[in-house]
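Below you'll find the structure, written out as structure tokens, and then a few comments.
For the numbers below, each heavy atom of this structure counts, side chains included, while hydrogens, waters and symmetry mates do not.
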Amino acid sequence: MRRLVLLAALFSATANAQTAGDPLDAVDPMIGTGPEGHTFPGATAPFGMVQLSPDTDATCEIRECYAHAAGYSYDDPTIQGFSHTHFSGAGHSDLGDILVMPQAGDDVLLDPGSAEDPDAGYRQRFSHDSETARPGYYAVTLADSGIHAELTAGKRVGVHRYGFPAGKPAHLLIDLRSSLYNYPGKVLWSGLHLHPDGTLTGFRETRGWAPGRKLYFAMRFSAPLADHAFIDRDENVPYRGFQGPGRGSDALAEKLGRALEARLDFGPLDAPLEVKVALSGVDEAGAIANLESEPGDFAAIEAQTVTAWREALGALEIDAAPDMRTNVYTALYHALLAPSIWSDADGRYRGPDDQVHRAEGFTFRSTFSLWDTFRAEHPLLTLVQPEQTTTDVVKSLVASRQHSPDGILPVWQFAGRETWTMIGYHAVPVIADAYMKGLRDFDADAALDAMVASATYARYGGLGEYMRRGYVPIDKEPEAASKTVEYAYDDWAIARMARAMGRTEIADQFEKRATYWRNSFDAKSGWLRARLSTGEFRTPFDPTAINYGSDYTEGNAWQYSWFVPQDQAGLFAMLGGDKAVIDRLDAMFEFDVSKLDYSHAEDIAGLIGQYIHGNEPSHHVAYLYDFAGAPWRTQERLKQIVESQYRPAPDGLSGNDDLGQMSSWLVFTALGIYPVTPASNQYAIGRPFVDRAVLHLPDGKAFTVVTENLSDANAYVGTVTLNGKPLARSYITDAEIRAGGELRFTMQAKPNRTWVSAPSARPFSMSTAPKVAGE
């Protein structure tokens, strides 16, 4: 009888949890390709320069393109072509470079047609039943022609493989006019060159989100060309001048746009046609060199990339229920797509000054959505990619500052170019977090100088007013309330690193500035509010209002009043203590938003009351119960968020993944921890959603998370042990993780209200923690 009971228990555990196997089998790149996630399903290598993916509609008008920010929207019935550059989960867009579309038969169509009338152009219908997507590979059958398209990618190359119907002439259309978030004249200039050996090279310059962006490519084919034609398109269009801090104008200027197409004819083929494409931001010679730096055909490149993905995803072993395992591994996959490689194989790259530089001893990375990713994406990379990627990131940020015409760190950069999108100088906590965790293979003095330069650049985002007054006044600068608190947090990160480096004067200066959040906090009402230059708070005031360019950035007072990650204890005291904070947090999650209209705000998605999981300012909020001495309330909210905001389906992300931030939140939360305050070296403890996870660290060390009694009914943490000893605090340190060991949770059906009580057992706060002389 006892044996039968044990066998039954073993069978039950096996049925409910999927043990660690090949992590690639658990990744579903289709997650997030629905209307809100903005991910793409195509082929790419970890942090690859090339993201080769289908574009289902690149001809939409800008205001209608939001669902197509990654080029692909799951609900679309047609594919316009396969292009080589994409963002994963961005709220804005560009890219979609070098569109390739295969055609079969005697007629070659040169225009894309439209989603409403695909027969009018080269666009083709497809079915999801014919699609396959996995790390490093994508395939689909184009229904109108019967062409079977396969895609793979290496670090700097993408490879197409097209199976054409037997007996029909094969053609490729290379369309340099096409771009994501397109409009007439977006392509300023382009060119094509066919070399004697059959290599096709080309370039184009676009005036999009990142103005003056240059991209070069080299393309080779597995079969000789039978014929070809280049088609020239000229457009005279008005173009609004670039605006950045302290420069630019609204003047309209006439620009000549020249965009080319290439029609490539191969005749009937006996074998699939392979098309190998390399990119470069430097020149066509760089693209050719990148092409030759990764030898091999489709199968060889795919095999190398699969190995790279298996190694990258293997940093984390996960045992969990099948759906959760898929969610978490796919989240880790999405977190490893950016910051993408931008330097060529020889180290050359085009920087923010539009000049060519060379990365010595590191790979230059770009695609920095820092307002989003400083929160969890970059802290996650310090654990799963601590040496390879994190060090490259810091060196790339510092190099960007050295080449920046404004002399500051990137704000939102891609392809080496600055977009000036979003607020704050959030490269600062990315650098400080790495340094405080002991990842210091970079010039710390140069990095700190760059951080201070960014924090004192008076022409950026009201910083001059901030330094003069201690807050950003709303009558001088939009989104002033958000900017004040985000600057204050970044200032704390500067102070933290400067103190650890022994740079006392800088540390003292920025510790003072880190308290400036108080200057925009209205203690009477309990809200963060925008102040006028007279010192008065702006009226009228509605804490639920969300309007772009108003007091807050993509949010309202409900979300932004919690953004004091460096000093939650100081905020809680101002709000009236722990009970008042818990009541306010509960009110946020339980707020009835049914009568509020947020349809005008694209990024406001995934609402649970006034908690907005689909946008980043809310991401740390569920963990704040920990700071108020009520970790069981954090556990309840995390279950509510995970169950409502993530699922293994195309619409499985409630908001933009934002270059991996939404995904990184889930990876951390599934492990039972979260970095509420990057650069504090602490992770707040939540509750795990996996049965077991092993984080593989350098030097052969491993940190294991084990969850006992995990079930839907057992939603609360009963006990926590670290290396077999009770952990009587609601945080764990980065050093404890890097040392290796075991964090064990025992779950139960009822809250444990006595696990953590003393303020000293709560996560970091500037008001309660001792100053760090060095770590």
Side-chain angles (χ1 to χ4, degrees), residues 29 40-55 71 81-86 88 95-100 102 134-139 149-162 172 174 176 192-193 195 197-204 214-223 262 264 272-309 311-312 336-350 359 363-367 415:
F40 62 84
T44 187
F47 309 105
M49 180 186 285
V50 175
Q51 307 88 33
L52 182 51
S53 188
D55 294 333
F82 306 98
S83 68
H84 295 77
T85 57
H86 297 85
S88 180
L95 304 178
D97 295 294
I98 325 300
L99 187 92
V100 176
R134 59 179 183 261
Y137 179 86
Y138 172 86
E150 298 175 276
L151 311 175
T152 191
K155 283 185 178 181
R156 296 177 179 87
V157 302
V159 190
H160 312 237
R161 184 163 63 192
Y162 297 119
L172 292 180
I174 315 299
L176 301 188
L192 290 165
H193 306 100
H195 298 244
D197 67 352
T199 300
L200 179 68
T201 63
F203 71 92
R204 74 174 187 172
K214 298 177 175 69
L215 189 71
Y216 304 84
F217 72 91
M219 185 179 295
R220 286 179 180 157
F221 313 96
S222 62
L264 308 178
L273 175 69
E274 294 193 7
V275 184
K276 192 171 184 180
V277 185
L279 303 182
S280 169
V282 176
D283 52 31
E284 291 178 36
I288 292 174
N290 287 342
L291 193 67
E292 294 173 346
S293 73
E294 297 182 64
D297 60 5
F298 188 102
I301 297 297
E302 182 191 4
Q304 293 167 13
T305 298
V306 166
T307 298
W309 273 118
E311 179 181 352
L336 298 175
L337 296 179
S340 53
I341 294 168
W342 180 236
S343 55
D344 286 353
D346 65 0
R348 294 186 304 155
Y349 63 92
R350 190 173 297 275
T363 299
F364 186 86
R365 312 284 181 124
S366 195
T367 319

Is the His160 ring parallel, tilted or perpendicular to the Phe82 ring (thresholds 30°, 60°)?
perpendicular
Kindly compute the distance separating CG (Leu200) from CD (Glu284), expressed to the nearest 0.5 Å.
9.0 Å
Just wondering, do Leu291 and Arg220 contact through their side chains at under 4.5 Å, heavy atoms?
yes
Is the count of non-hydrogen atoms from other residues, nucleotides or ligands lying under 6.0 Å from Glu292 atom CD greater than 12?
yes
Closest non-hydrogen atom pair, Ala153 against Val50
CB-O, 4.3 Å
When every non-hydrogen atom of Asp344 is compared with those of Ser280, the smallest separation belongs to OD2-OG, 2.8 Å
With a 4.5 Å heavy-atom cut-off, do Ser340 and His86 have their side chains touching?
no
May I ask you to test the Met219-Ile174 pair for a side-chain heavy-atom distance under 4.5 Å?
yes
So which atom in Asn290 and which in Leu279 form the shortest heavy-atom distance, rounded to 0.1 Å?
ND2-O, 2.8 Å
Would you indicate whether the side-chain heavy atoms of Phe47 and Thr363 approach each other to under 4.5 Å?
no
Which heavy atom of Phe40 sits nearest a heavy atom of Ser88, and at what distance?
CE2-CB, 3.9 Å
Do Asp297 and Arg161 sit within salt-bridge range, that is, some charged N less than 4.0 Å from a carboxylate O?
no
I want to check something: taking the side chain as every heavy atom from C-beta on, are Tyr137 and Val306 in contact at a cut-off of under 4.5 Å?
no
Is there side-chain contact between Phe217 and Leu192, with heavy atoms separated by less than 4.5 Å?
yes
Heavy-atom closest pair, residues Gly296 and Ala300
CA-CB, 4.0 Å
Within 6.0 Å of NZ in Lys155, more than 12 heavy atoms from elsewhere
no
Rounded to the nearest 0.5 Å, how far apart are NE2 of His195 and CD1 of Ile288?
4.5 Å
Do Leu273 and Ser222 touch side chain to side chain, with heavy atoms closer than 4.5 Å?
yes
I'd like to know if the side chain of Glu302 pairs up with that of Thr152 as donor and acceptor (distance under 3.5 Å, no hydrogens or angles considered).
no
Check Val100 against Tyr162 and note the closest heavy-atom contact, atom names and distance.
CG1-OH, 3.7 Å
